[in-house]
Protein chains: 2
Amino acid sequence: MRLVIARCSVDYAGRLSAHLPLATRLLMIKADGSLLVHSDGGSYKPLNWMSPPCTLTISEPSDEQREAGVSALWTVRHAKTDDLLVVSLYEVLHDSAHELGVDPGLQKDGVEAHLQKLLAEQIHLLGDGHRLVRREYMTAIGPVDILATDAAGRSVAVELKRRGDIDGVEQLTRYLELMNRDPRLAPVAGVFAAQEIKPQARTLAEDRGIRCVVLDYDAMRGIDDGIARLF
Amino acid sequence: MRLVIARCSVDYAGRLSAHLPLATRLLMIKADGSLLVHSDGGSYKPLNWMSPPCTLTISEPSDEQREAGVSALWTVRHAKTDDLLVVSLYEVLHDSAHELGVDPGLQKDGVEAHLQKLLAEQIHLLGDGHRLVRREYMTAIGPVDILATDAAGRSVAVELKRRGDIDGVEQLTRYLELMNRDPRLAPVAGVFAAQEIKPQARTLAEDRGIRCVVLDYDAMRGIDDGIARLF
DNA sequence: AGTTCAATCTCGACA
DNA sequence: TGTCGAGGTTGAACT
């Protein structure tokens with residue numbers, strides 16, 4: 001990885017055209033040839049960049065450019081899409097190279113999967129008499145998070161989210177529409193379960209006869225840990 | 001901006017939990033206190049990060065950690081969400097600080113708004129006899145991209161996307177439901193227009209009687225440029 | 001400040 | 001390999 005701090009301007013042409021006026025920025029060249037242009041603020045997204053696979057060419061500026069103060073030109077071209085990024089360097093304030101090696105990568109610890117497991121184990125949270133049929137019940141348009149039955153033996157489809165918004169309700173609605181056409185399942189009631197349910201989502205859900213259940217993740221985990229400690 | 005190359009491990013706890021095993025990486029501390037952890041490959045997204053507003057605290061490792069080889073601990077806590085990022089530094093290979101100043105920011109030339117403008121100008125692409133009523137036609141639940149009339153004078157609501165997926169169909173469906181209750185507009189036909197329409201989205205749309213139109217952006221722009229050249 | 005919607009989205013899973 | 005769906009999405013425009 002090569003790190004360069006420089007006064008530069010940047011032009012990009014690809015899906016859109018974009019320009020960065022002259023300013024001091026960090027230029028990061030990764031081992032795969034990709035380039036990131038970062039400012040000293042904002043989020044993790046660079047001001048501009050070129051994704052791999054791409055190639056960086058360093059060239060001399062034209063006389064006109066040199067007269068304007070440009071000391072070098074970096075041209076980065078994408079290997080497949082022909083997207084083009086041109087960095088005009090005016091002054092280099094820092095330049096260093098480093099060997100980092102291959103990264104072992106991020107290990108993600110899913111929480112939604114855990115939430116599903118916990119709710120399956122504590123299916124009574126849906127109401128007295130509920131029984132688990134199965135997790136990830138497959139339908140033609142995808143898996144329903146949890147299929148259960150209520151005290152009267154009727155089917156209950158559960159859509160599970162960490163943060164319940166309108167999309168989750170739409171998703172569950174599509175599942176319910178489909179499942180209610182299956183005579184072996186119909187009638188199927190819907191439950192929208194989440195740690196937190198947005199007011200709009202609740203309104204939409206209840207308008208469609210879908211019950212909303214707010215889950216307390218910490219409490220569920222606490223009980224689960226308690227069970228785990230028993231064995 | 002401070003740039004540190006170090007052998008380190010990283011732990012994150014927030015929306016999800018994640019861990020980065022010991023390896024050599026770039027740590028970028030921006031002026032607003034945010035932290036980025038980059039490897040020497042991949043795209044512009046860091047392996048891990050903390051967005052502003054947040055605060056970085058540098059502390060001494062515990063005896064146990066020191067014995068394991070940790071020389072320093074960086075703890076970054078988000079100001080609002082309490083998300084936590086902990087970097088355990090084992091060996092610092094490079095450390096430098098730089099003054100970058102405020103960035104003037106990126107100047108973009110948009111594409112999406114342009115597509116709407118082009119379709120409004122070339123409304124015949126919807127079919128012979130179509131006429132534009134207006135762009136961004138307001139309804140109670142938001143603006144419909146384009147409202148037009150067909151050859152028979154019936155209302156046509158157009159939802160425009162660069163890539164047409166299932167969400168866009170749901171959105172248009174909600175608009176149509178609402179507009180068809182308005183006696184001045186009803187009956188309103190729906191058109192789902194995009195540069196590219198996903199098979200699932202097309203199926204759902206057609207099942208609901210919504211017509212799909214695939215747009216050729218380059219051709220539309222070409223015609224537009226041609227018109228521009230005439231004047 | 002909250003909401004909605006696009007993105008040079010990125011990224012992983014799955015057919 | 002393409003397609004599809006989710007993201008610690010991010011970011012911008014608008015209410």
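No hydrogens, no waters, no symmetry mates; every other heavy atom, side chains included, goes into these values. Just so you know, these numbers come straight off a predicted model, no measurement behind them. Here is how names work: the chains are called A, B, and so on, in the same order as the sequence lines, proteins then strands, and each is numbered from 1.
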Between A:Arg184 and A:Asp182 (salt bridge meaning N to carboxylate O under 4.0 Å), is one present in this structure?
yes
Nearest-Å distance, CG (A:Leu36) to P (D:dT10)?
16 Å
In whole angstrom, give the distance that lies between atom CG of A:Leu16 and atom P of C:dC9.
8 Å
State, with a plain yes or no, whether a side-chain heavy atom of A:Cys8 is found less than 4.5 Å away from one of A:Leu27.
yes
Is a salt bridge present between A:Arg211 and A:Glu206, judged by a nitrogen-to-oxygen distance below 4.0 Å?
no
CZ of B:Arg135 to CG of B:Asp145, rounded to nearest 0.5 Å, is 9.5 Å
Any B:Val133 side-chain heavy atom under 4.5 Å of B:Thr149 side chain
yes
Have a look at B:Thr81 and say if it touches a base, only the backbone sugar-phosphate, or nothing, with a 4.0 Å heavy-atom cut-off.
nothing
Counting any heavy atom closer than 4.0 Å, what does B:Met50 reach on the DNA or RNA strands: base, sugar-phosphate only, or nothing?
base
Rounded to whole angstrom units, what separation is found between the CG atom of B:Asp167 and the P atom of D:dT9?
16 Å
Roughly how many Å is it from CG in B:Leu47 to P in D:dG7, rounded to a whole number?
19 Å
What is the separation between atom CD on B:Glu136 and atom P on C:dA6, rounded to the nearest whole Å?
10 Å
Between A:Lys117 and A:Glu121, is there a side-chain N and carboxylate O pair less than 4.0 Å apart?
yes
To the nearest angstrom, the CG-C1' distance between B:Asp165 and D:dG2 comes to 16 Å
B:Glu159/B:Arg174 salt bridge by N-O under 4.0 Å criterion:
no
When rounded to whole Å, the CD1 to C1' distance for the pair B:Ile197 and D:dT3 reads 16 Å
Side chains of A:Lys108 and B:His19: any donor to acceptor distance under 3.5 Å?
no
Would you list the protein and nucleotides 1-5 of chain C atom pairs, both N or O, that sit under 3.5 Å from each other?
residue, atom, partner, partner atom, Å
C:dT4, OP1, A:Gln200, OE1, 2.7
C:dT4, OP1, A:Gln200, NE2, 3.0
C:dC5, OP1, B:Gln171, NE2, 3.2

Do A:Met1 and A:Met28 come close enough that some side-chain heavy atom pair is under 4.5 Å?
yes
Could you pull out the protein-nucleic contacts involving nucleotides 11-15 of chain C (nitrogen or oxygen on both sides, under 3.5 Å)?
residue, atom, partner, partner atom, Å
C:dC11, OP1, B:Ser43, OG, 2.7
C:dC11, OP2, B:Ser43, OG, 2.7

Using whole Å, report how far CH2 of B:Trp49 lies from P of D:dG11.
11 Å
